[in-house]
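Contents: one structure, followed by commentary.
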Amino acid sequence: MCSLYFLSTSTNKYIEIHSILHKYKIDFKFLNMKLKEIQGESLSQIAVEKSKDAFKLISKPVIVEDDGLLIHGLNGFPGSYSSFVFKTIGSSGILKLLSHSKDRSASFVSVFVYNDGNNLRSFLGKTDGKISPKVAGPGWGYDPIFIPTGSELSFGQLKDNKIRLSHRTKAVTAFAKWYSRS
Ligand code: IMP
């Protein structure tokens, strides 16, 4: 029987998380549900609050994730506003904001939270990189404009190889190691 539930509206996140947790033989179920998202706080606080909301909804052990793209030349923007910014100005808007910027360095951060009502644990994953000069390749979200350090290709162009370098892999792997031990 499944004892772990991932609550999110993102099938893309589910597919990536599944490919990692599968290796650790950790079974979980995807519940396509929208959770309350507080605004203006840190990514960690947002993820923790989401996990509390998720646990309140189903009263079973939950995992949730919150991500942010932090562009260093823009003082960490969009950060915890990444989802709103993607929906409003999108990747092309980000490219416009950076059109005169020499510093295109950025980090993609994932906060992955486990909450079973008694234990609440957060796991952080960060991948450094830069924003590409133009939209590069397929992929979801900011994948076509984020080039991880050590690659010449964007997350989108890396396709399945994104998993080797992604912020999500780091956070989910840290969780998987802890969960397998406990
Ligand atoms: P969320 O608030 O955690 O859903 O993510 C913030 C924004 O970052 C959303 O617009 C997502 O589509 C985007 N995002 C999250 N993770 C990734 C990723 O791995 N690649 C590309 N975009 C992502």
Check residues 174-182 and write down every donor-acceptor pair under 3.5 Å in which the side-chain atom is one partner and the other belongs to a residue at least two apart or another chain.
{"residue": "S180", "atom": "OG", "partner": "A176", "partner atom": "O", "Å": "2.6"}
{"residue": "S182", "atom": "OG", "partner": "W178", "partner atom": "O", "Å": "3.2"}
{"residue": "S182", "atom": "OG", "partner": "Y179", "partner atom": "O", "Å": "3.4"}

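V111 and Y5 fall within a single hydrophobic cluster, where Ile, Leu, Val, Met, Phe, Trp and Tyr side chains are chained together by heavy-atom contacts under 4.5 Å. At a threshold of 4.5 Å between side-chain heavy atoms, the hydrophobic network of Ile, Leu, Val, Met, Phe, Trp and Tyr places L69 and V109 in two separate groups. Residue F146 is not grouped with residue I15 when hydrophobic side chains (ILVMFWY) are merged at heavy-atom distances under 4.5 angstrom, including chains of intermediate members. Linking Ile, Leu, Val, Met, Phe, Trp and Tyr whenever their side-chain heavy atoms come within less than 4.5 Å leaves I89 and L70 in two separate clusters. At a threshold of 4.5 Å between side-chain heavy atoms, the hydrophobic network of Ile, Leu, Val, Met, Phe, Trp and Tyr places F155 and I131 in one connected group.
S166 contributes a side-chain N or O that, together with a main-chain N or O of T169, makes up a donor-acceptor pair within less than 3.5 Å. A donor-acceptor pair under 3.5 Å links the side-chain atoms of S154 to the main chain of A136, judged by distance alone. Under the 3.5 Å distance criterion, the side-chain polar atoms of S107 are left unmatched by any main-chain donor or acceptor of D128.
Between the side chains of K60 and S3, not a single donor N or O lies within less than 3.5 Å of an accepting N or O.
Under a cut-off of 6.0 angstrom, the local environment of CD in Q39 is crowded, with over 12 non-hydrogen atoms contributed by other residues, nucleotides or ligands.
In this structure, I94 CD1 and L98 CG are separated by 7.0 Å, a value rounded to the nearest 0.5 Å. For the atom pair CD1 (I46) and CG (L35), the distance works out to 12.5 Å, reported to the nearest 0.5 Å. The line from CG of L165 to CD1 of I147 is 12.0 Å long, rounded to the nearest 0.5 Å. Between the CD1 atom of I145 and the NZ atom of K134 there is a distance of 14.0 Å, given to the nearest 0.5 Å. If you take CG on L7 and NZ on K29, they are separated by 11.5 Å, rounding to the nearest 0.5 Å. Annotation: the span from L4 atom CG to I26 atom CD1 amounts to 7.5 Å, rounded to 0.5 Å.
Evaluation of the ring pair (Phe, Tyr, Trp, His ring centres under 6.0 Å) test over residues 49-99, restricted to residues two or more places apart or in two chains, returns F86-Y142. Identified under the salt bridge (Lys or Arg N to Asp or Glu O under 4.0 Å) test for residues 96-121, with sequence neighbours left out: none. For the side chain to side chain donor-acceptor pair (under 3.5 Å) condition, no pair includes a residue of residues 82-95, sequence neighbours left out.
For E16, the side chain to side chain donor-acceptor pair (under 3.5 Å) partners two or more places apart in sequence, or in a different chain, are W140, K162, R168. S110 pairs by the side chain to side chain donor-acceptor pair (under 3.5 Å) definition with E65, not counting sequence neighbours.
Using a 30° and 60° split on the angle between ring planes, Y14 and H18 fall in the tilted class, from 30° to 60°. Taking the six-membered ring where the residue is Trp, F6 and F112 present parallel rings, their angle staying beneath 30° rather than reaching 60°.
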Please report the C-alpha distance between D27 and H22 in whole Å, then the side-chain angles of each, then the deciding distance to 0.1 Å, and finally whether the side chain to side chain contact (heavy atoms under 4.5 Å, CB included) criterion is met. CA-CA 7 Å; D27 192 25; H22 180 68; over 6 Å; no
Between F30 and I17, does a side chain to side chain contact (heavy atoms under 4.5 Å, CB included) hold up when you go through it step by step? CA-CA 10 Å; F30 177 42; I17 292 168; over 6 Å; no
Between M33 and T9, is the side chain to side chain contact (heavy atoms under 4.5 Å, CB included) condition met? List the steps. CA-CA 6 Å; M33 285 170 90; T9 53; over 6 Å; no
L74 vs L97, side chain to side chain contact (heavy atoms under 4.5 Å, CB included): CA-CA, chis, key distance, verdict: CA-CA 9 Å; L74 301 177; L97 283 176; 4.3 Å; yes
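Taking all atoms of both residues into account, the shortest heavy-atom contact from P144 to P138 is CG-O, 3.4 Å. Residues G125 and A171 come closest through the heavy atom pair N-CB, 3.6 Å. The nearest pair of heavy atoms linking S132 to L95 is O-CD2, 3.1 Å. When every heavy atom of K50 is checked against every heavy atom of V64, the shortest pair comes out as CB-CG2, 4.1 Å. Residues S19 and I163 share a closest heavy-atom pair of OG-CD1, 3.6 Å. Nearest heavy-atom pair across I38 and Q45 is CD1-O, 4.1 Å.
Using a 4.5 Å heavy-atom threshold, the side chains of S51 and Y114 count as separate. Contact check for K13 versus D67: side-chain heavy atoms found under the 4.5 Å cut-off.
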